[in-house]
Each structure stands twice: as structure tokens, then as C-alpha cells.
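These numbers come from a predicted model, not from an experiment. Note that ligands are numbered from 1 as they come in the structure, with each ligand's atoms numbered from 1 the same way.
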Amino acid sequence: MTQKYDVVIIGAGPAGMTAATYASRANLSVLMIDKGIYGGQMNDTAEVENYPAFDSILGPDLAEKMYASSTRFGAEYVFGEVQDVIDHGNTKTVVTDDETYEAKVIVIASGATHRHIGVLGEDKYSGRGVSYCAVCDGAFFKNEDVAVIGGGDSAIEEAIYLANLAKHVTIIHRRDTLRASKIAQKRAFSTKNIDFSWNKQTEAIVGDDEKVTAVKVLDTKENQESIVPASGIFVYVGITPNTQGLNKLGVLDDQGWVETDESMQTKVSGVFAVGDVRKDSIRQIAAAVGDGAVAGKLLFDYIQTLSDSQVEA
Ligand code: NAP
């Protein structure tokens, strides 16, 4: 049987949970659907130092606090993987792997996922030394040598986190300048057991029958191959949008990100998008929360206009 809500939110990260807080506090019935645990990428984040009101807080702790706020006014949360979203005008249908929901408003808050680098050995050793989550797997490499691939905020921040656990961290980057924020760079440069391997293209992840032993790299300036020994390889080479199941809705750009205006409204009336999944997002927790507040407020106005037009008709 189809379950009906005023608002269905796809994704329960910071953006989705904030939209849920606002919408449920405005007395709307709200369901958050997530294919994983609420909190999204916050669960994979060590320390968060740029979220207002906290000098520093662990990502999973912030996720718990946001979840408590988001369900306080009655919003519900279920596990489910969205397969399709169909627009019927004033109502929308959301089809998950095991349920069908109807809503007046859909909020896409499905976030983004760490990209794979796509080299030989990556899939083979995934979970056997190759990881995309330092917070989840870092402890397995206590006092060992690890490598981090990438030069953005994720790579540098997680390398700093790993430096507290591992004996030594090598950051392998394909250029000789970092994309990460200056403060993160400064910290990494001053961390004793972090070294940089510049201008290195990752060619393969190598290992024995059981686990990873090294990364094979090519120096793009010298055109020379070398080996970086490591028992843990942490891949942070960017992110891709989680928009599977949304293709038919007509709200995605050619890379799969959702396009919105500044009201978080997509080009389909009654479909909003918030947080990292948005094309123009700056991909910060605080920004995701801001997006969620905007959508959570404006979707109420949209539902009011639907009710008004029904009264007039
Ligand atoms: P990102 O900023 O896109 O950086 C990806 C890094 O991986 C870049 O340095 C890139 O190199 C490198 N890379 C990409 N493809 C590669 C390949 N095939 N082989 C080797 N290296 C490759 O991704 P991110 O670090 O995951 O960050 C995503 C977004 O989240 C950013 O907007 C970031 O600012 C934000 N973020 C913010 C915080 C924070 O503020 N605390 C923390 C984490 C993330 P090039 O530099 O050469 O392109």
C-alpha cells in the first residue's frame, strides 16, 4: 500500500535532516529515506572544526545530535534505496526497493560518495588495505605505514587524522600544489610523520595474496616509476553525486548533479534539492544545513499554494 506524507526527503545527511526539522516543526508529515545510517558523510569524518557552536566535534557525534533534532517534531526515518521518483504534478511518487510513497514535496538530499581512482588492484584490495574512510578503518593501521591519494580537503584532513594512528603517512598527489584549504595544508606540512610524494600518478595498488603492500606510482615530471610501501591506502580523489534512481525526473545536469535555483527549487515544481548533491554546493556541513533550512521553510510555502489552489478550484 502506498504511504502518504506531505514531504519525502531522500537522504538523511545534514541537509536532509535540517529540512526534516524545519518541515516537521511546521506540522507537516515528513519521511526521510536513506540507504544507510543517518548522518551521511559526517559518519566518515573525524573531527569537524568548522561547524558553528562547536570548537571541535566528532562527525558521528554531530550526526547523532542532528538526528535527535530532526526527529523531535515527528519526522520519521526509514532505510530504503530509491529506485524511481515520478512527478504527477501536485503529487510525486517515490519508489524504493520495497515500498512506494506519495508526497506533495520531494527533497533530494542524497549527497555524494567518494570516487574510486580506477587503477589495477583497487577493487581487488578494497577492504584488504584499500579504504575510502580513515575514521572507519584507520585504527587497523596503528603504527604502520599508510598512503593517502589526493590533494583536496578530504585527503589532507584525513591524512592528519591518520598521522595520529599510523607510524608514517605519505600523501601521493598528482601535482605539486594542493587543492585543500590553507589551514589544512599548514597543519599537514607541520605534521612530523606526514610526507608528500608530488607529481605522482597512481598506476596500481599492489599486494600479496591477502593484503596491500604498496602503491605503484609514476613521476610525471621524470617519467619514472617507483613504489611507495604502505599497508593501508586511503583514496580521496573527489566525489560523485548519489543520484541513481533520479534520472527520469529531469533535474540532473550531464554529470549527475542536481541543478537548483537559490531557493533550492529544481526545475520540477515541488522538487527541492539540498546539500552536496546540488551542482552549486560548496560541500560543507554548515552549507548543507543552510540549504536544508531554506528548503524546509520554502517547501511549506509551496504546500500552502497547493492548498490555496485547491480551495479556489
Ligand atoms: P576534491 O576537492 O575534488 O579533491 C580531489 C583531489 O583528488 C584533488 O587534489 C585531485 O587532484 C585529486 N584527484 C582527482 N582525480 C584523481 C585521480 N584520478 N588520480 C589522482 N588524484 C586525483 O575532493 P575532496 O577533497 O573529496 O573534497 C570534495 C569537496 O568537499 C570539496 O569542495 C572540499 O572543499 C569539501 N570538503 C571540505 C572539508 C572541510 O571544509 N572541512 C573537508 C572535506 C571536503 P587535482 O588537485 O590535481 O585536481
Shortest non-hydrogen contact from Thr240 to Arg115? CG2-NE, 3.8 Å
Between Ile194 and Ala188, the two heavy atoms sitting closest are CB-O, 4.0 Å
Using the test side-chain hydrogen bond (donor to acceptor under 3.5 Å, both in side chains), find all partners of Gln265 that sit at least two apart in sequence or belong to another chain. none
Going by the atom numbers of ligand 1, which of them fall below 4.0 Å from some non-hydrogen atom of Asn50? 39 (C), 40 (O), 41 (N)
Of all the atoms in ligand 1, which lie at a distance below 4.0 Å from a heavy atom belonging to Arg283? 29 (C), 30 (O), 35 (C), 36 (N), 37 (C)
Can you figure out which of Val119, Thr177, Asp153 has its heavy atom closest to atom 34 (O) of ligand 1? Asp153
closest protein heavy atom to atom 1 (P) of ligand 1 is Arg179 CD, 4.0 Å
Within 4.0 Å of some non-hydrogen atom of Tyr236, the atoms of ligand 1 are 6 (C), 7 (O)
Regarding ligand 1, does Gly152 bring an N or O atom to under 3.5 Å of one of the ligand's N or O atoms? yes
Is it the case that more than 12 heavy atoms not belonging to Leu120 sit under 6.0 Å from its CG atom? no
Would you kindly say whether Ser131 and Asp137 are connected by a side-chain donor-acceptor distance under 3.5 Å? yes
Considering only protein heavy atoms, which is closest to atom 19 (N) of ligand 1, and at what distance to one decimal place? Ile117 CD1, 3.6 Å
Heavy-atom side-chain contact between Val274 and Ile108 under 4.5 Å: no
If you measure every N or O of Arg175 against every N or O of ligand 1, does any of those distances drop under 3.5 Å? yes
Any ion pair linking Lys297 and Asp301 (charged N to carboxylate O, less than 4.0 Å)? yes
Side-chain donor-acceptor pair under 3.5 Å between Thr93 and His88, yes or no? yes
Nearest non-hydrogen protein atom to atom 9 (O) of ligand 1, with distance, is Gly151 N, 3.0 Å
Is ligand 1 under 4.0 Å from a heavy atom in the side chain of Gln201, in the backbone, in both, or in neither? neither
Atom 7 (O) of ligand 1: closest protein heavy atom, distance to 0.1 Å, is Val237 CA, 3.2 Å
Taking Lys200 first and then Glu222, would you say they form a salt bridge - that is, a charged N and a carboxylate O separated by under 4.0 Å? no
Atom CG of Asp97 with >12 non-hydrogen neighbours under 6.0 angstrom: yes
For ligand 1, is any non-hydrogen atom under 4.0 Å from Thr45's backbone (N, CA, C, O), its side chain (CB onward), both, or neither? neither
Per atom 11 (O) of ligand 1, closest listed option by heavy atom (Glu157, Arg115, Arg174, Gln284): Arg174
With the threshold set strictly below 4.0 angstrom, can you tell me whether any protein non-hydrogen atom sits that near atom 31 (C) of ligand 1? no
Among all protein heavy atoms in this structure, tell me which lies nearest to atom 3 (O) of ligand 1, with the distance rounded to 0.1 Å. Gly238 CA, 3.9 Å
Among Ala180, Ser181, Ser154, which one puts a heavy atom closest to atom 43 (C) of ligand 1? Ser154
When you compare ligand 1 with Ile239, is there at least one nitrogen or oxygen pair between them that comes in under 3.5 angstrom? no
Counting heavy atoms only, which part of His173 comes closer than 4.0 Å to ligand 1: side chain, backbone, both or neither? side chain
Neighbour count above 12 (heavy atom, 6.0 Å) for Arg283 CZ: yes
Pairwise side-chain contact, Ile9 with Val30, heavy-atom cut-off 4.5 Å (strictly under): yes
When you measure from the heavy atoms of Thr202 to every atom of ligand 1, does any distance fall below 4.0 Å? no
